[in-house]
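Hydrogens, waters and symmetry mates are skipped; everything else that's a heavy atom, side chains included, is used. Bear in mind that the values here come from a model prediction, so they are computed numbers and not experimental data. So you know, we letter chains A, B, ... as the sequences are listed, proteins then strands, and number each from 1.
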Amino acid sequence: MAEAAERVTDIGPPNYQQFLPPIIKANYGKWKYHEILKPGVMMHVAESGDRLYTVRAAGARLMSVWKIRQIADLADKYCGGHLRFTSRHNIEFLLTDESLIDPLIDDLKALGHPVGGIGNSISSIVHTQGWIHCHSAATDASGIVKAVMDEVFPHFANRDLPAKLRIALACCLNMCGAVHCSDIAILGVHRKPPRTDHETLNKLCEIPNVVAACPTAAIRPAQVDGKESVQVIEEQCMFCANCYTVCPAMPLNDPENDGVSIWVGGKVSNARHEPMFSKLLVPYIPNNPPRWPEVTGTITKIIDLWARNARNYERLGEWIERITWPKFFELTGIPFQKEHIDDFKHAGLTFKRSTHLVH
Amino acid sequence: MAEAAERVTDIGPPNYQQFLPPIIKANYGKWKYHEILKPGVMMHVAESGDRLYTVRAAGARLMSVWKIRQIADLADKYCGGHLRFTSRHNIEFLLTDESLIDPLIDDLKALGHPVGGIGNSISSIVHTQGWIHCHSAATDASGIVKAVMDEVFPHFANRDLPAKLRIALACCLNMCGAVHCSDIAILGVHRKPPRTDHETLNKLCEIPNVVAACPTAAIRPAQVDGKESVQVIEEQCMFCANCYTVCPAMPLNDPENDGVSIWVGGKVSNARHEPMFSKLLVPYIPNNPPRWPEVTGTITKIIDLWARNARNYERLGEWIERITWPKFFELTGIPFQKEHIDDFKHAGLTFKRSTHLVH
Amino acid sequence: MAELPETPLLDELEKGPWPSFVKEIKVAARHKEACRDLLGQLERSYREKIGHWKHGGIVGVLGYGGGVIGRYSDLPEDFPAISHFHTLRVNQPSGWFYTSEVLRKLCDMWEEHGSGLTNMHGSTGDIILLGTSTPELEPTFKGLTDLGFDLGGSGSDVRTPSCCVGPARCEWACYDTLKLTYDLTMSYQDELHRPMFPYKWKFKMAGCPNDCVASIARADMSIIGTWKDDIQQNDEEVKKYAEAGLDIQRDVVENCPGRCMSWDGEKLTIDNRFCRRCMHCINVMPKALAPGKERGATILIGSKAPIVEGALLSSVFIPFMNPDDPEEVAELKEIVEEIWDVWSEEGKNRERVGEFIQRVGMGNFLEAIGMEPVPEMVAHPRENPYVFYALDEEEEEDEDEDE
Amino acid sequence: MAELPETPLLDELEKGPWPSFVKEIKVAARHKEACRDLLGQLERSYREKIGHWKHGGIVGVLGYGGGVIGRYSDLPEDFPAISHFHTLRVNQPSGWFYTSEVLRKLCDMWEEHGSGLTNMHGSTGDIILLGTSTPELEPTFKGLTDLGFDLGGSGSDVRTPSCCVGPARCEWACYDTLKLTYDLTMSYQDELHRPMFPYKWKFKMAGCPNDCVASIARADMSIIGTWKDDIQQNDEEVKKYAEAGLDIQRDVVENCPGRCMSWDGEKLTIDNRFCRRCMHCINVMPKALAPGKERGATILIGSKAPIVEGALLSSVFIPFMNPDDPEEVAELKEIVEEIWDVWSEEGKNRERVGEFIQRVGMGNFLEAIGMEPVPEMVAHPRENPYVFYALDEEEEEDEDEDE
Ligand code: SRM
Ligand code: SRM
Ligand code: SRM
Ligand code: SRM
Ligand code: SF4
Ligand code: SF4
Ligand code: SF4
Ligand code: SF4
Ligand code: SF4
Ligand code: SF4
Ligand code: SF4
Ligand code: SF4
């Protein structure tokens with residue numbers, strides 16, 4: 001117990017102040033305005049007149065320490081060793097010398113981390129673990145993200161869109177990527193009810209918790225082959241996997257039936273329109289590794305349509321709302337199915353309760 | 001049974017065509033445009049050039065046959081015996097001779113049926129039976145309607161409002177007046193749980209139906225004094241009276257605690273904004289017959305505020321939506337209480353899920 | 001005849017400019033004992049702040065399950081003339097058109113058999129004959145049918161359909177609301193008079209999206225006129241409105257929910273691809289704009305008052321059809337009857353069709369009645385990921401694999 | 001070191017302009033056995049279209065209930081080096097600011113004790129140290145604390161708070177997001193490290209309504225900067241934007257959700273009484289417009305992902321307070337702790353606070369924590385008439401009567 005006493009705990013994170021670059025310390029809370037100078041580069045001007053140049057490089061999110069060291073080297077070379085990461089996992093270099101911007105961009109490119117993502121562009125995809133680390137995944141995360149970003153890369157490297165476009169991915173309905181409010185969301189889905197392992201269930205799990213976990217009350221306690229276990233009423237299961245989260249003996253993973261769904265029209269910012277949830281566009285696309293071409297194809301199609309038709313500053317969901325969903329389905333050619341119609345708790349509120357239709 | 005065979009049944013209503021005035025028969029479906037000539041009077045011009053003048057008189061809704069005969073006399077005198085009623089229970093005289101408009105208006109006035117209600121005005125109040133005929137009423141209908149219409153009468157007789165304003169009244173939560181989509185709705189409310197008559201309940205009602213009738217599951221089967229009956233968990237009761245509708249042994253009427261609530265901001269038309277439900281403004285005002293001054297006072301206050309501040313064509317609910325509800329509460333001075341916050345099924349969707357606030 | 005009772009509270013409601021229902025009852029009370037007692041009982045309600053009617057009671061006319069609302073005073077000793085005081089719901093003619101002649105005949109009949117009090121009209125649309133005794137029900141019914149009238153609905157049946165004035169007097173009517181109302185009423189006489197559903201079913205017909213009969217708020221099936229092609233536009237008349245002082249930018253363009261109009265001070269441009277058929281611009285400039293020529297209606301389903309699951313608005317069911325085409329009406333009736341079958345089979349007691357659809361899910365409901373989902377049915381697709389993936393789809397895949 | 005496994009499928013993901021996670025793993029695989037096995041197992045997942053990790057497993061460091069996610073391969077025979085492969089969640093510094101120096105030290109530590117793979121960062125905001133074995137957990141923890149770092153949250157505890165860059169680099173920050181984040185993190189070390197709630201609790205701090213940290217979508221408490229007074233306006237700069245080609249009417253005025261702006265071609269007028277603080281006009285013209293001077297934040301409550309009751313957005317809880325004022329922060333903390341008490345007492349297992357509020361009702365929740373309802377909390381008042389009239393009100397009346 002002597003050891004435990006020595007142990008340092010609950011110190012919390014390092015104080016951020018020690019990591020702020022001098023120009024930020026000097027102008028903290030005193031920024032006046034900013035301008036985007038070119039793709040991936042912006043300038044913040046302080047009340048003091050100081051100018052801070054930010055160069056944003058694509059983040060890999062999954063990075064090795066060997067790469068991080070290279071990035072640290074660039075920070076030393078260009079901006080006194082100062083850098084930050086963004087809320088979407090990009091890397092930002094904070095420069096005071098405008099003339100160093102282009103050399104930095106070249107070095108970043110050489111390192112495989114092109115710059116972009118600032119302004120009306122696509123930034124990197126917020127995502128999750130997938131087959132890299134999670135037991136729950138209905139699809140991979142990093143692989144689709146890479147495939148999609150390769151495809152939409154011109155919109156990261158340029159500012160050629162009507163507004164920002166945010167893509168997110170979550171590999172199961174737990175939605176760790178918080179994809180529920182994204183312009184475009186890719187969501188891993190199961191489509192088969194849990195396969196209950198009656199042998200082990202009672203040992204691994206508390207049956208009342210398992211029963212309580214099911215939002216549709218599809219799970220009932222049951223004796224199977226003389227063992228206390230549970231029974232799933234399959235027609236009542238909508239594959240949320242909450243039972244699996246609380247009980248390892250009820251896996252849903254299934255190579256043939258797992259896959260992804262695509263959701264569109266969410267947003268988070270309060271700019272213009274209040275925040276919105278994403279809505280179902282494509283209920284199911286089978287997993288097709290390594291490059292998920294049906295997923296990337298669908299996404300680029302949506303982006304192209306939006307980029308060509310939306311007004312300035314109109315986020316994807318705002319555009320769809322203006323032209324109406326039937327028109328959007330017509331433009332995309334995606335078939336409208338039973339699955340698109342909500343049948344969960346608030347379903348009735350999503351019905352079209354007016355005659356505001358375009359014909 | 002011979003008698004039954006003679007009996008005429010299922011003949012349906014008379015065919016409307018026999019009641020249409022000649023000018024309407026001639027121009028049926030061929031109207032070109034209309035103009036409001038003055039309060040309560042409009043002209044419809046047909047493709048043929050024919051002109052039809054409509055004079056709209058206040059409807060009493062509750063009318064005696066002696067009054068209806070007088071109205072029939074006016075129809076004979078001014079428009080060949082043709083008249084109609086409107087969907088809000090007003091009376092419309094259909095004239096072809098423009099010069100007869102003013103004499104008709106004078107005669108109507110003398111009869112106690114002033115004209116108005118066309119255009120951006122208040123029309124008569126859609127309402128229900130109240131103490132005149134219904135067992136369920138938490139308030140009277142005709143009495144409050146009369147009191148309110150007397151008070152807002154200038155807005156019926158003139159076209160001095162930003163848009164139409166529709167008032168409706170229902171004397172209990174069954175909402176026969178369909179008040180749920182009105183600019184201003186007056187709704188009779190109970191505030192005490194049912195008083196169960198355990199003596200008669202089992203004779204008058206099916207206990208399973210009574211239990212099933214309660215939306216909050218507040219009713220349970222119970223033995224009371226040796227009789228099969230039901231028990232109401234009072235904290236779970238929100239006084240909807242659905243139990244009373246299915247079972248006479250569970251009345252809620254209570255002179256001290258019944259009263260009215262006031263709701264605002266609903267609409268039905270698709271013009272501009274999609275149809276909207278009315279929202280709770282004043283949870284409770286005690287019944288104060290014969291003229292319910294607190295009700296009329298609240299309503300005139302709301303109308304004045306709206307009339308002074310709204311933009312052209314902005315219905316009450318559209319105006320409130322633009323200025324936001326907190327601002328509206330501030331302007332009216334009506335206190336915001338726990339009762340205003342939804343706690344029924346879709347409550348969460350009525351929370352303010354953005355930072356779109358006026359401060 | 002006896003004196004009228006003292007009614008100091010009700011007398012207050014004889015004052016003021018709005019027509020007074022108290023005056024109406026008093027006139028009737030000079031002729032009718034029942035109306036005298038009604039006055040007395042109502043004054044008592046005003047004093048005690050409580051109604052004095054007993055709960056329901058099943059009365060009616062032979063062979064009909066609806067159309068009469070039974071009503072008994074809870075103070076029969078004090079007010080014996082209204083110890084029964086039932087109302088009859090009488091099916092109005094489409095659009096509430098009358099001649100003085102037919103009204104007088106109705107009045108005579110009702111003076112003979114009942115209280116002489118009416119509602120012109122009830123909020124569903126019927127003529128309400130307000131108050132008579134049980135023995136007078138059959139004679140009243142006979143009197144009605146002699147005049148060519150019939151009872152309306154009450155209970156778990158089709159309720160009296162009603163409609164806006166439509167093509168009879170309105171330039172915006174996109175279909176013949178009166179004709180469809182009459183047609184549906186006549187087709188469903190049996191369903192109207194003999195309750196056979198889980199709960200009531202209301203039809204309401206409005207000629208255009210202004211919805212002057214509030215159908216979207218209170219009809220299990222709301223039939224609302226609309227159009228498919230471009231708004232008819234007369235630029236000369238637009239200019240005249242502007243010259244007359246209408247602020248077209250502020251009052252018209254900025255109020256367009258489709259955000260599809262623009263005004264350059266000279267010319268109004270409508271991008272009709274995105275027009276939502278809301279009527280606003282047309283309402284404001286009736287001489288300059290009009291609905292298109294390819295007219296029809298949107299069929300919506302499911303509205304109702306709040307009891308039990310909360311109020312509902314009707315929602316889009318068939319985005320566009322033409323109710324003036326008899327074939328399309330025949331198809332519509334087939335669909336309606338299919339819905340009634342499914343709902344009668346699977347609906348719970350006192351479950352309106354809107355509640356039924358929410359309970360079983362719109363997708364399942366459509367499958368049960370054999371219709372395809374279309375995007376017009378929803379304001380937006382689902383936001384939650386709780387998808388019941390269709391099993392037959394998977395079966396198809398399985399089959400593919402087997403091959 | 002051994003050869004890298006054959007990964008024909010993964011190799012495809014080395015191509016293309018976006019940084020490749022496969023390249024990262026391959027670099028690490030040259031140094032680390034575990035990364036080689038990770039590569040092998042991932043290739044297998046790509047081939048078989050299924051993950052190969054077992055369900056959870058409770059591991060951790062001494063005295064902490066969270067911060068480590070246990071993970072075991074389900075193919076331990078084939079990939080023994082990842083038979084355990086736990087991740088550590090490391091609390092990032094506010095705003096994700098680093099120096100190259102501290103990053104290098106972290107790298108060295110993690111190369112020594114783990115796989116050398118990271119996520120910069122996890123989607124809650126932590127530094128994710130991706131994969132190590134059970135025996136290495138304590139040494140890694142020691143390595144971290146030696147560098148001044150500590151673990152983040154996992155399980156039913158306070159999760160690692162995070163924030164936007166705020167006043168460090170953004171002209172729109174209405175309060176000091178970094179400071180508040182650090183303050184809350186330090187105040188709640190115990191709650192962060194020792195799960196004691198019904199479920200997780202997330203704080204996210206955004207400096208203005210643009211919400212660059214998506215707090216409204218994924219934080220049990222979302223603290224979003226805003227202002228009270230008028231937008232700061234520089235008319236000269238507005239004109240310059242117009243001259244430079246910005247269509248102020250179409251792109252700014254017509255996009256204003258408060259409909260409170262007008263532009264006459266010369267002067268922009270904002271009726272600030274109805275400005276909703278949405279940021280749009282400011283975003284479009286950052287040189288001309290800025291948030292007002294009386295700045296602070298709106299506190300919102302309850303967002304979360306869809307499991308179990310459907311996703312929620314946070315909703316307004318305190319319309320305006322100033323997080324830069326230590327006294328107001330102290331009050332906020334009291335409220336937060338009060339909420340935790342009530343929720344811990346009454347919340348169900350795995351019920352997030354947003355779900356809890358919906359279950360018990362916002363009104364009751366406010367009463368329980370001793371706060372008053374304000375209209376800012378709702379988008380609109382209730383639409384259904386199902387009001388639980390407060391009993392104490394009635395009791396008061398009864399009392400009046402007794403007197
Ligand atoms: C760096 C970062 C904050 C951080 O602490 O890391 C940031 C920084 C800025 N944001 Fe942001 N935003 C950042 C994530 C977000 C997010 C969160 C997210 O994407 O998950 C949002 C909400 C997105 C949504 O609504 O779904 C966000 C919505 C905005 C908006 C509103 C855009 C809109 O019209 O809806 C603005 C205003 C604008 O762009 O004009 C904005 C503006 C800005 C400005 C201009 C603020 C400033 O004056 O410095 C910064 C540069 C903008 C840019 O990237 O175009 N920022 N911004 C985040 C960069 C992420 C990245 O790497 O791409
Ligand atoms: C006569 C009547 C139809 C009937 O068959 O009986 C009718 C007739 C007309 N309505 Fe209506 N409306 C009638 C009830 C309604 C209703 C239903 C209701 O009030 O319960 C509505 C929906 C109300 C709502 O949204 O809550 C209604 C919403 C409209 C609107 C849309 C107004 C808006 O801006 O929301 C218009 C367009 C307008 O006024 O510019 C309209 C326009 C008209 C026009 C101008 C149509 C025309 O060209 O003939 C008619 C005269 C208008 C007037 O009264 O100002 N009518 N109108 C109804 C008269 C009721 C009364 O006695 O007051
Ligand atoms: C007479 C009338 C009110 C009036 O004064 O105009 C009326 C009167 C009654 N309604 Fe109604 N309803 C009347 C139109 C409505 C409407 C409006 C409409 O049809 O457009 C509604 C709302 C729309 C709807 O259908 O949802 C309406 C929704 C109800 C309800 C709630 C139904 C629901 O599903 O939520 C009930 C309760 C019930 O059915 O048990 C009800 C029940 C009743 C009963 C039968 C009372 C009962 O619980 O048994 C009332 C009889 C009163 C009496 O003694 O005469 N009444 N009722 C209306 C019928 C007149 C007519 O035929 O023209
Ligand atoms: C690592 C991370 C994903 C990532 O790659 O970035 C993650 C990974 C997991 N999350 Fe998460 N969540 C992560 C951020 C989130 C977020 C986003 C956020 O915090 O902003 C959400 C949505 C927001 C929210 O809290 O609602 C999120 C919502 C969930 C949920 C659903 C919770 C709910 O109330 O709906 C679960 C299920 C659970 O808690 O049992 C879950 C559970 C899990 C578990 C622990 C799996 C499980 O069922 O036990 C995952 C472990 C994966 C692994 O093996 O490492 N994770 N999780 C994120 C944490 C990194 C970090 O600390 O920085
Ligand atoms: S979204 Fe699901 S599968 Fe992906 S990391 Fe989160 S819990 Fe795991
Ligand atoms: S997957 Fe979800 S719906 Fe299906 S049984 Fe499990 S908890 Fe219930
Ligand atoms: S609203 Fe209620 S009290 Fe009034 S008539 Fe209808 S059922 Fe009777
Ligand atoms: S009044 Fe309504 S809530 Fe109360 S017991 Fe009766 S049915 Fe239930
Ligand atoms: S609903 Fe349309 S068609 Fe019918 S009366 Fe009203 S405006 Fe005319
Ligand atoms: S009808 Fe409505 S949506 Fe169509 S152009 Fe006119 S105002 Fe716009
Ligand atoms: S949320 Fe506001 S303050 Fe924070 S970075 Fe974004 S724009 Fe700046
Ligand atoms: S901040 Fe938003 S609401 Fe306020 S004036 Fe600007 S655009 Fe309008």
Side-chain angles (χ1 to χ4, degrees), chain B residues 8-14 16 19-20 24 28-29 31-33 44 58 60-69 72 75-76 81 84-85 87 112-113 126 131 135 137 142-143 146 149-150 153 174-178 180-181 215 242 248 253 255 268-272 275 287 289-291 312, chain C residues 9 12-13 16-19 21 24 27-28 45-46 48-51 53 55 91 93-100 103-104 107 110-111 116-120 123 145 148 150 167-169 171 178 185-186 189 209-211 213-214 216-218 251 255 278-280 286-287 305 307-308 311 313:
Chain B
V8 178
T9 66
D10 299 284
I11 58 170
Y16 58 96
F19 302 134
L20 299 178
I24 285 187
Y28 197 87
W31 299 102
K32 220 171 124 192
Y33 68 90
H44 282 81
R61 203 179 97 115
L62 196 164
M63 284 198 290
S64 68
V65 298
W66 295 272
K67 171 61 69 55
I68 296 174
R69 289 180 185 125
D76 284 340
R84 73 178 290 268
F85 293 83
S87 63
H113 286 263
V126 165
W131 294 333
H135 62 281
S142 319
K146 165 78 174 136
M149 285 310 297
D150 281 344
F153 184 74
N174 283 337
M175 290 203 189
C176 297
H180 55 286
C181 295
N242 198 42
N253 298 357
V268 160
S269 80
N270 287 278
R272 300 167 308 284
N287 278 322
R291 296 203 75 102
N312 292 342
Chain C
L9 290 171
E12 288 298 315
L13 292 168
W18 195 251
F21 70 103
E24 297 294 317
V27 168
S45 287
Y46 268 58
E48 298 174 358
K49 303 184 188 176
I50 192 159
W53 299 106
H55 191 297
N91 200 330
S94 290
W96 301 288
F97 279 95
Y98 297 93
T99 55
S100 50
L103 280 180
R104 281 200 197 88
C107 288
W110 185 233
E111 185 176 356
L117 292 179
T118 73
N119 286 151
M120 297 297 278
S123 64
T145 48
D150 197 349
R169 200 200 47 205
E171 68 268 34
L178 289 80
T185 309
M186 297 310 286
Q189 282 295 301
N210 282 330
D211 197 359
V213 67
I216 202 164
R218 51 191 194 124
D251 288 346
N255 277 322
C278 87
M279 288 298 295
H280 175 68
K287 283 193 195 173
I307 304 291
V308 186
L313 287 163

B:Arg84 side chain vs C:Gly95 backbone, donor-acceptor pair below 3.5 Å: yes

Check: B:Phe19 main-chain N/O paired with C:Thr99 side-chain donor or acceptor under 3.5 Å: no

Distance, nearest 0.5 Å, that separates CZ of B:Arg61 from CG of C:Asn119: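 Rounded to the nearest 0.5 Å, the CZ-CG separation comes out at 4.0 Å.
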
Spatial distance of atom CG (C:Asp211) from atom OG (B:Ser269) [nearest 0.5 Å]: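 So the CG of C:Asp211 and the OG of B:Ser269 are separated by 8.0 Å.
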
For residues [X] and [Y], report the shortest heavy-atom separation together with the two atoms involved.
X: C:Pro19; Y: B:Lys146; value: O-CD, 3.7 Å
X: B:Tyr28; Y: C:Leu178; value: OH-CB, 3.5 Å
X: B:Pro14; Y: C:Asn91; value: CD-O, 4.5 Å
X: B:Asn174; Y: C:Ala305; value: O-CB, 3.2 Å
X: C:Leu13; Y: B:Pro290; value: CD2-O, 3.4 Å
X: B:Pro13; Y: C:Gln189; value: CD-NE2, 4.2 Å

Residue part contacting chain B, namely of C:Thr185, when any heavy atom lies under 4.5 Å: side chain

At a heavy-atom distance under 4.5 Å, which candidate from [options] has the highest pair count against chain B?
options: C:Gly51, C:Ser94, C:Ser45, C:Gly116; answer: C:Gly116
options: C:Cys107, C:Ala214, C:Pro93; answer: C:Cys107
options: C:Glu171, C:His280, C:Met279, C:Lys287; answer: C:Glu171

Using a 4.5 Å cut-off on heavy atoms from C-beta on, say whether the side chain of [Y] contacts that of [X].
X: C:Pro17; Y: B:Asp150; result: yes
X: B:Val126; Y: C:Arg218; result: no
X: B:Val268; Y: C:Ile216; result: yes
X: B:Ser64; Y: C:Val27; result: yes

Electrostatic pair C:Glu12:B:Arg291 at N-O distance under 4.0 angstrom: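 Salt bridge absent between C:Glu12 and B:Arg291.
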
Aromatic plane relationship, B:His135 with C:His55 - under 30° parallel, 30 to 60° tilted, over 60° perpendicular: tilted

When heavy-atom pairs shorter than 4.5 Å are enumerated against chain C, which of [options] gives the highest number?
options: B:Ser142, B:Cys181, B:Gly29; result: B:Ser142
options: B:His113, B:Met175, B:Arg69; result: B:Arg69
options: B:Ile11, B:Asp76, B:Thr9; result: B:Ile11

Residue pair C:Met120, B:Ile68: steps toward the side chain to side chain contact (heavy atoms under 4.5 Å, CB included) verdict: CA-CA 9 Å; C:Met120 297 297 278; B:Ile68 296 174; 3.9 Å; yes

